[in-house]
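Data block below; observations after.
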Number of protein chains: 2
Amino acid sequence: MAVTFRQLKYFLVLSEELHFSRAAEKLNISQPPLSASLRQLEERLGFKLMERTSKYVRLTPAGTIFADQAARILGQLDSAMTIAAETAKGAAGELSVGFVPSMLFRDLPAKLKAFQNSHPRVDLILHEMNTTRQIESLLEHKIDVGFVHAVPLPNGISHKVLETERLVACVPRWHRLASKSRIRISELAGERMMVFSRSFAAHYHDKITALLRTANLEPDTSFHIQHWFTVVALVKQGMGVSLVPSSLSSSVFSDVVFLEVEERQAEHDIAQIWRSDNTSPMLQNLLLGLPRFETRL
Amino acid sequence: MAVTFRQLKYFLVLSEELHFSRAAEKLNISQPPLSASLRQLEERLGFKLMERTSKYVRLTPAGTIFADQAARILGQLDSAMTIAAETAKGAAGELSVGFVPSMLFRDLPAKLKAFQNSHPRVDLILHEMNTTRQIESLLEHKIDVGFVHAVPLPNGISHKVLETERLVACVPRWHRLASKSRIRISELAGERMMVFSRSFAAHYHDKITALLRTANLEPDTSFHIQHWFTVVALVKQGMGVSLVPSSLSSSVFSDVVFLEVEERQAEHDIAQIWRSDNTSPMLQNLLLGLPRFETRL
DNA sequence: CTCCATAATACGTAAATTGGTATCAATATA
DNA sequence: TATATTGATACCAATTTACGTATTATGGAG
């Protein structure tokens with residue numbers, strides 16, 4: 001015969017009431033089975049939990065200790081069920097999120113904050129990394145979801161395009177084209193065209209390079225740039241011009257001008273990616289909870 | 001249907017083995033009941049704990065959490081049973097001990113240390129107080145056992161005499177009687193007789209006073225002394241003489257001499273006292289574990 | 001000394017639990 | 001395609017449990 005949760009519960013109520021009939025009533029059973037339950041528990045444990053006569057019922061020292069522990073055990077079972085249920089619903093746990101830096105210019109932070117508010121027991125772990133690393137990390141189970149520039153994906157990775165973003169030309173304020181609001185890329189012929197390093201974001205680099213080549217332009221390879229901000233800063237200093245995502249054309253930059261570009265292909269996709277076999281409800285909640293992104297202007 | 005310890009145990013083994021047949025073997029049951037047990041547990045919880053096909057068995061995220069908690073719960077039940085059993089045996093808990101200061105000259109400290117060694121999970125709480133306070137504290141459940149000078153006891157307090165101690169006369173080294181080894185109290189006639197305050201230990205004071213009166217002596221009431229050491233120190237300085245427990249006649253005092261006393265009544269009892277209705281096994285262990293005391297010389 | 005409140009005991013029954021055997025279903029492998 | 005492995009399912013028997021009713025035992029209180 002083993003100790004049961006029921007015995008613990010009965011004993012616990014009994015230890016609060018210190019009265020068999022009242023405790024039995026509270027438990028919606030009659031008094032004899034309650035007596036029996038306690039007796040069996042004591043038999044199993046090998047020592048008395050309560051001293052009782054028809055005049056008083058009181059805990060033994062060992063009973064006091066055991067009642068305390070019983071309460072803890074029952075509470076722990078309860079919280080175990082709750083926590084596990086929350087995990088099962090995707091309301092608790094850890095979720096690792098990868099993102100390319102430019103997501104910070106969109107409303108990823110706000111969206112994640114909103115998700116965090118609606119899922120307070122989920123720990124979001126954020127990793128800034130480029131698209132290639134995110135794909136690797138997904139396959140290695142190091143992240144659960146990535147926010148990337150759309151690229152060809154290996155098997156086992158699903159994706160959803162969140163946004164298609166135009167590229168815009170970035171030139172200094174005093175540039176000959178600065179007064180136009182819309183140009184064709186070929187109009188930039190002869191300019192030094194700056195693009196960040198291919199090693200930093202290969203697919204994106206290749207995309208822009210291909211686009212430039214349709215207009216008979218070549219990126220300048222003498223720069224090893226790691227970040228959009230650097231590109232804009234260099235443009236501002238007259239080092240050259242560039243093609244950048246329109247999300248960058250915010251008012252935080254002065255002395256540079258962003259010009260729309262006519263070419264239809266001057267755009268790229270922002271996508272979220274995840275392992276196709278990842279059925280975690282937490283992930284599903286996140287994917288559903290983050291609808292279209294908007295660019296923060 | 002409620003969660004059972006058995007279900008937790010089965011699930012726990014399963015979560016370690018990740019293989020139904022092997023886990024069933026380990027549990028000494030056949031495989032089908034194990035499948036059934038897990039299914040019932042999942043039904044009760046409302047979510048899946050394991051994903052399983054004929055090719056693999058693995059924990060869901062919620063299952064991982066729950067397995068962890070289940071282990072904790074089972075461990076807690078185990079330790080609850082152990083700790084409570086120890087308390088029931090008197091091997092764990094708290095025991096408050098009162099004692100009159102002079103017990104420190106006997107081997108109470110060594111005896112308590114021995115008890116502590118054989119009952120490492122019992123916390124001994126020591127309270128130095130006079131006999132009267134100990135009786136009060138016992139009745140108020142503030143202490144469990146007291147070491148006192150034998151006095152009349154109220155109902156509900158049991159006692160056992162541990163030792164009968166002779167009183168000895170204490171005189172300065174240069175005293176006219178110092179060369180004798182044995183005197184009668186009446187030989188001290190005319191000396192200033194010092195006794196510590198009645199308020200400090202009434203019964204003991206009264207006992208000595210009565211003894212002196214049989215020899216037509218009176219204690220000097222101008223001293224308000226709280227401790228035996230003070231009495232001896234005053235004797236040493238020639239302030240008077242005294243009657244003290246023989247346990248004090250140790251070699252740590254110089255320039256004073258302790259003389260045996262002929263009167264048969266020149267003795268008092270050391271006793272342990274406890275509440276008669278206190279059935280705590282811890283107390284019984286202590287009472288049994290502390291046989292006759294010896295005076296430390 | 002009787003009564004009253006209360007816990008223990010006796011006993012019967014319905015239900016659940018537990019675990020077995022036999023078999024099925026799914027899937028990877030030879 | 002046949003086979004082997006493995007978990008799921010169906011079904012049954014035995015046991016245990018859980019609980020109720022009726023009754024008894026105990027120990028203060030009036």
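Every chain is numbered from 1, with letters handed out A, B, ... down the list of sequences.
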Exercise for the section: Could you pull out the closest heavy-atom pair between A/Leu12 and A/Ala71, with the gap in Å? Expected result: CD2-CA, 3.7 Å
Handout entry: For A/Ser276, side-chain contact (heavy atoms from CB on, under 4.5 Å) partners two or more places apart
Key = A/Ser158
Problem - Terminal contacting nucleotides, 5' and 3', DNA chain D versus chain A (heavy atom, 4.0 Å) - result: D/dA18 to D/dG28
Practice task
Specify the closest pair of heavy atoms between B/His149 and B/Ser102, including all atoms of both residues, with the distance to one decimal.
Solution key: NE2-OG, 3.5 Å
Practice task
Would you jot down, in residue-number order, the residues of residues 29-39 of chain B having a non-hydrogen atom under 4.0 Å from DNA chain C?
Solution key: B/Ile29, B/Ser30, B/Pro32, B/Pro33
Completion exercise
The ring-ring contact (aromatic ring centres under 6.0 Å, His included) partners of A/Phe5 (sequence neighbours excluded) come to B/Phe5
Handout entry: salt bridge (charged side-chain N to carboxylate O under 4.0 Å, His left out) against B/Arg6, all qualifying residues, sequence neighbours excluded
Key = none
Completion exercise
side-chain hydrogen bond (donor to acceptor under 3.5 Å, both in side chains) pairs touching residues 65-82 of chain A, sequence neighbours excluded, are A/Asp68-A/Arg72
List the atom pairs, donor and acceptor, that lie under 3.5 Å between side-chain atoms in residues 22-32 of chain A and the rest of the protein, sequence neighbours left out.
residue, atom, partner, partner atom, Å
A/Arg22, NE, A/Glu17, OE1, 3.3
A/Lys26, NZ, A/Glu17, OE2, 2.8
A/Gln31, NE2, A/Ser35, OG, 3.1

Exercise for the section: Residues of residues 4-15 of chain A with any non-hydrogen atom less than 4.0 angstrom from an atom of DNA chain C: list those, numerically ordered, please. Expected result: none
Handout entry: Atom-pair distance (CG on B/Leu27; P on C/dT18), nearest Å
Key = 13 Å
Completion exercise
Ordered by number, residues from residues 48-62 of chain B within less than 4.0 Å of DNA chain C (heavy atoms) are B/Ser54, B/Lys55
Handout entry: By side-chain contact (heavy atoms from CB on, under 4.5 Å) - contacts of B/Asn278 (at least two apart)
Key = B/Asp144, B/Arg275, B/Ser280, B/Leu283
Practice task
Identify the heavy atoms of A/Asn285 and A/Lys89 that sit nearest to each other, and give their distance.
Solution key: ND2-O, 3.2 Å
Handout entry: Heavy-atom pair with the smallest gap, counting every atom of B/Ala84 and A/Phe47
Key = CB-CZ, 3.4 Å
Handout entry: ring-ring contact (aromatic ring centres under 6.0 Å, His included) involving B/His203 - partner list, sequence neighbours excluded
Key = none
Just list the side-chain donor-acceptor pairs under 3.5 Å for residues 121-129 of chain A, sequence neighbours left out, or say none.
residue, atom, partner, partner atom, Å
A/Arg121, NE, A/Glu86, OE1, 3.3
A/Arg121, NH1, A/Glu86, OE1, 3.3

